[in-house]
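Some notes on the structure that comes next.
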Amino acid sequence: YSFELGRLIPGINIKTPVTAIIGTDEFDQFMERNHLWNLVKEEKDFDLIQKTFMESSLSYTLEKKLRVFLKKITKPLAVRSSSLFEDSMSQPFSGIFGTYLLPNNNPDPEIRMKHLSDAIKLVFASVYSKNARAYFEAINYKIELEKMAVVIQEVVGNRYDDAFYPHISGSAQSFNFYPVAHMTPKDGFAVTSLGLGQYVMEGNMAYRFSPAYPAIEIISQKDLYKNSQVWFYAVDLLKKDLNLLEGEIEGLKMLDISDAENHGTLNHIASVLNTDNDTITPGIDSPGPRLISFADILKYNYIPLAATLKTVLDVVTEACGTPVEIEFAVDLNRDEAGNASF
């Protein structure tokens with residue numbers, strides 16, 4: 001907030017989701033009190049490690065604070081990793097550890113509490129997954145030195161029927177290793193999709209563009225159609241009970257693009273392919289196959305998304321003194337002043 005980003009970018013609200021952070025000292029206490037250090041040294045079976053972590057207990061003071069947090073927050077929650085090494089400048093670990101999305105809507109507060117504490121314990125456990133261990137070996141770091149903090153965030157988005165998701169989410173990098181046309185590496189690039197960002201993180205078919213040249217399509221029309229998003233992730237609000245050992249997407253459901261059209265969330269995001277003459281028309285007023293190309297936003301500036309990404313990336317890069325990557329979500333619903341939210 002010290003940058004007053006809102007002043008730099010008129011016409012859109014810049015917000016951070018409601019966030020709570022559990023520091024690494026809780027991780028240390030958790031490992032000590034439940035005698036887990038020996039287990040993770042000797043045991044290589046990750047399923048067993050996860051189960052043992054789930055059966056272990058969080059500290060009384062942490063549980064008390066989590067209960068207060070849950071009283072105030074009724075929207076779905078994202079429980080994410082933020083370890084010492086994960087956010088280091090030299091060896092970023094992004095995507096290696098766990099993230100869990102919780103519907104957080106069970107009428108029984110004790111069950112909501114159980115889901116939240118299970119997710120926290122599994123994020124702690126994710127330090128010792130096969131992937132993480134292999135990565136530590138590859139970059140020659142000692143896994144014993146890793147400490148895990150946990151970030152709990154309100155999920156950005158709105159409820160549509162029994163699903164909860166944002167209009168747009170994605171990630172953006174200030175440095176583009178593969179610039180095309182007259183772009184330079186410093187122009188950066190972004191990958192965006194409809195629905196939750198888990199879709200982008202998994203490397204599914206999403207829309208790529210450079211915030212400096214949002215109107216330039218990086219691939220041909222044919223490829224644009226072939227690689228267009230056809231489904232998306234949303235938080236599943238019908239799930240009242242979760243077994244998080246099933247995996248990170250236990251609290252999510254996969255929906256079809258046609259569901260988004262029924263929810264009214266495709267306007268401004270999709271275009272239509274006219275199969276007679278192979279032209280693409282922004283908007284979804286005409287019949288034909290839908291393309292997720294964000295044309296109304298990137299070419300006709302329905303909201304200043306490209307300018308926002310460019311400014312935010314510039315400011316954060318300047319502040320960190322190194323190329324950066326951000327994750328973002330956009331809510332297209334406008335407030336009284338007519339602004340959408342980034």
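Counting from 1, the numbers follow the sequence of the chain as shown. Here the structure is a predicted model, which is why all the values come from computation and not from measurement.
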Original post:
Is the backbone N or O of P17 less than 3.5 Å from a side-chain atom of T19, with the two atoms forming a donor-acceptor pair by type?
Top reply: yes
Original post:
Short question: side chain of S169, backbone of G197 - any donor-acceptor pair under 3.5 Å?
Top reply: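 Side chain of S169 to backbone of G197, a donor-acceptor pair under 3.5 Å: yes, one is there.
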Original post:
Considering the options L194, D331, I269, I292, which one meets the side-chain contact (heavy atoms from CB on, under 4.5 Å) requirement together with I168?
Top reply: I269
Subject >> Criterion side-chain contact (heavy atoms from CB on, under 4.5 Å) against I152, the qualifying member of V18, L102, I73, L116 >> reply: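 Only one option passes, and that is L116.
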Original post:
How about I120 and L58: do any of their side-chain heavy atoms sit closer than 4.5 Å?
Top reply: yes
Subject >> Distance-only donor-acceptor check, side chains S293 and S271, under 3.5 Å >> reply: yes
Original post:
Any cation-pi pair here, R33 with F27, using under 6.0 Å and within 45°?
Top reply: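 No, cation not above the ring by the 6.0 Å, 45° rule.
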Can a salt bridge be assigned to the pair [X] and [Y] using a cut-off of 4.0 Å between side-chain N and carboxylate O?
| X | Y | result |
| --- | --- | --- |
| E154 | K72 | no |
| D108 | R112 | no |
| D47 | K51 | no |
| E217 | R208 | no |

Original post:
When you look at L62 and L66, which way does the side-chain contact (heavy atoms from CB on, under 4.5 Å) test go after all the steps?
Top reply: CA-CA 6 Å; L62 177 59; L66 291 174; 4.0 Å; yes
**OP:** Kindly assign one of parallel, tilted or perpendicular to the pair F136 and F97, based on the angle between their ring planes and the thresholds 30° and 60°.
**Re:**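 F136 vs F97 ring planes: tilted.
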